Amino acid sequence: LSGHSVLGFIKRRAKEFNDYTLTKTLYCSLVRSILEYASIVWAPYRQVDIYRIESVQKQFLLFALKHLNFSGFILPPYKSRLLLLNMVSLEDRRELFSAMFAFDLIQENISCRNLLDLVEINNNPYNLRRTRFLVQQTFSTDYAQYEPLNNCFHNFNKYSELFAVGISRDTFKNRIL
């Protein structure tokens with residue numbers, strides 16, 4: 001099933017209740033789990049694809065916040081609507097998941113020697129500029145540039161200044177959020 005069809009099911013069944021927390025729980029457990037399943041492997045990099053996935057969550061927000069009577073063109077921005085329900089965009093969640101996957105590889109929470117051998121930490125002591133913590137391969141095509149492991153390294157490098165040796169997974173995650 002696709003996220004749109006499951007969201008349609010929730011919208012049909014949840015018309016009667018006015019409790020947005022219950023609707024949010026249904027959405028997170030039934031729809032968001034479909035939209036995020038194995039997202040480290042298939043995460044889109046083109047804006048058109050990101051928008052198509054994000055549109056499911058935008059539809060949910062309009063439904064969940066229907067009691068606020070948004071009408072016409074008076075609609076708060078997407079990020080503001082997310083804050084009303086204490087949610088994060090799906091794109092930000094995919095980025096967090098991939099950064100946490102790289103964190104788990106570095107900390108050896110994932111025991112896969114083949115993947116761990118691909119992790120190369122940049123330890124050039126003579127470079128005084130801020131460098132990337134993990135070495136990323138460079139490719140000539142976008143398709144190869146955004147391959148899953150390289151994308152995880154890229155997302156981890158965005159938050160590498162928050163990383164310290166021996167830091168717990170939850171602490172690192174909270175620092176990113």
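None of these values were measured; they are calculated from a predicted model.
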Close side-chain approach of Arg13 and Leu26, heavy atoms under 4.5 Å: no

Heavy-atom pair of closest approach, residues Thr171 and Ser168: OG1-OG, 2.7 Å

In one Ile/Leu/Val/Met/Phe/Trp/Tyr side-chain cluster, 4.5 Å: Leu177, Phe97: yes

Leu62 and Arg81, any side-chain heavy atoms less than 4.5 Å apart: yes

Rounded distance (nearest 0.5 Å) linking atom CZ of Arg94 with atom CG of Asn151: 10.0 Å

Transitive ILVMFWY side-chain link Leu118 to Phe156, under 4.5 Å: yes

Gln145 and His154, any side-chain heavy atoms less than 4.5 Å apart: no

Under 3.5 Å donor-acceptor, Asp104 side chain and Ile110 backbone: no

All side chain to side chain contact (heavy atoms under 4.5 Å, CB included) counterparts of Tyr51, not counting sequence neighbours: Lys58

Side-chain heavy-atom pair Arg169, Phe103 within 4.5 angstrom cut-off: yes

Pairwise side-chain contact, Phe60 with Ile10, heavy-atom cut-off 4.5 Å (strictly under): no

Student check: side-chain heavy atoms of Lys158 and Ile176 closer than 4.5 Å: no

Over 12 non-hydrogen atoms of neighbours within 6.0 angstrom of CD in Glu147: yes

Distance (rounded to the nearest 0.5 Å) between Glu95 CD and Cys152 SG: 11.0 Å

Closest contact, heavy atoms only, Arg12 versus Glu16: O-OE2, 4.4 Å

Joint hydrophobic cluster, Leu96 plus Tyr146, side-chain heavy atoms closer than 4.5 Å: no

Reported OH-to-CD distance for the pair Tyr159 and Glu161, which is rounded to 0.5 angstrom: 9.5 Å

Within 45° cone and under 6.0 Å: Lys66 NZ/CZ vs Phe63 ring: yes

Taking every non-hydrogen atom, the tightest pair across Gln57 and Ser89: NE2-CA, 3.8 Å

Side chain proximity check, Phe163 to Gln107, heavy atoms < 4.5 angstrom: yes

Phe139-Leu134 co-clustered via ILVMFWY side chain contacts under 4.5 Å: no

Nearest non-hydrogen partners of Gly3 and Val31, listed with the distance: O-CG1, 3.8 Å

Distance, nearest 0.5 Å, that separates NZ of Lys24 from CG of Asp19: 11.5 Å

Same apolar cluster (I L V M F W Y, side chains within < 4.5 Å links), Leu85/Ile53: yes

Separation between OG1 of Thr138 and CG of Asn150, rounded to the nearest 0.5 Å: 8.5 Å

Atom CZ of Phe17: over 12 foreign heavy atoms under 6.0 Å: yes

Nearest heavy-atom neighbours spanning Met87 and Leu61: SD-CD2, 4.2 Å

Reported CG-to-SG distance for the pair Asp117 and Cys112, which is rounded to 0.5 angstrom: 8.5 Å

Nearest heavy-atom neighbours spanning Ser160 and Phe133: CB-CB, 3.5 Å

Residues 34-45, side-chain donor-acceptor partners within the protein, below 3.5 Å, at least two apart:
residue : atom : partner : partner atom : Å
Glu36   : OE1  : Arg93   : NE           : 3.4
Glu36   : OE1  : Arg93   : NH2          : 3.1
Glu36   : OE2  : Arg93   : NE           : 2.5
Ser39   : OG   : Glu36   : O            : 3.4
Trp42   : NE1  : Tyr37   : O            : 2.6
Trp42   : NE1  : Ala38   : O            : 3.2

Derivation and outcome, side chain to side chain contact (heavy atoms under 4.5 Å, CB included), residues Val119 and Glu108: CA-CA 11 Å; Val119 176; Glu108 296 185 15; over 6 Å; no

Check: Glu54 side chain, Glu91 main-chain N or O, donor-acceptor pair, under 3.5 Å: yes

Test item: Leu149 and Leu105 side chains (from C-beta on) under 4.5 Å apart, heavy atoms: yes

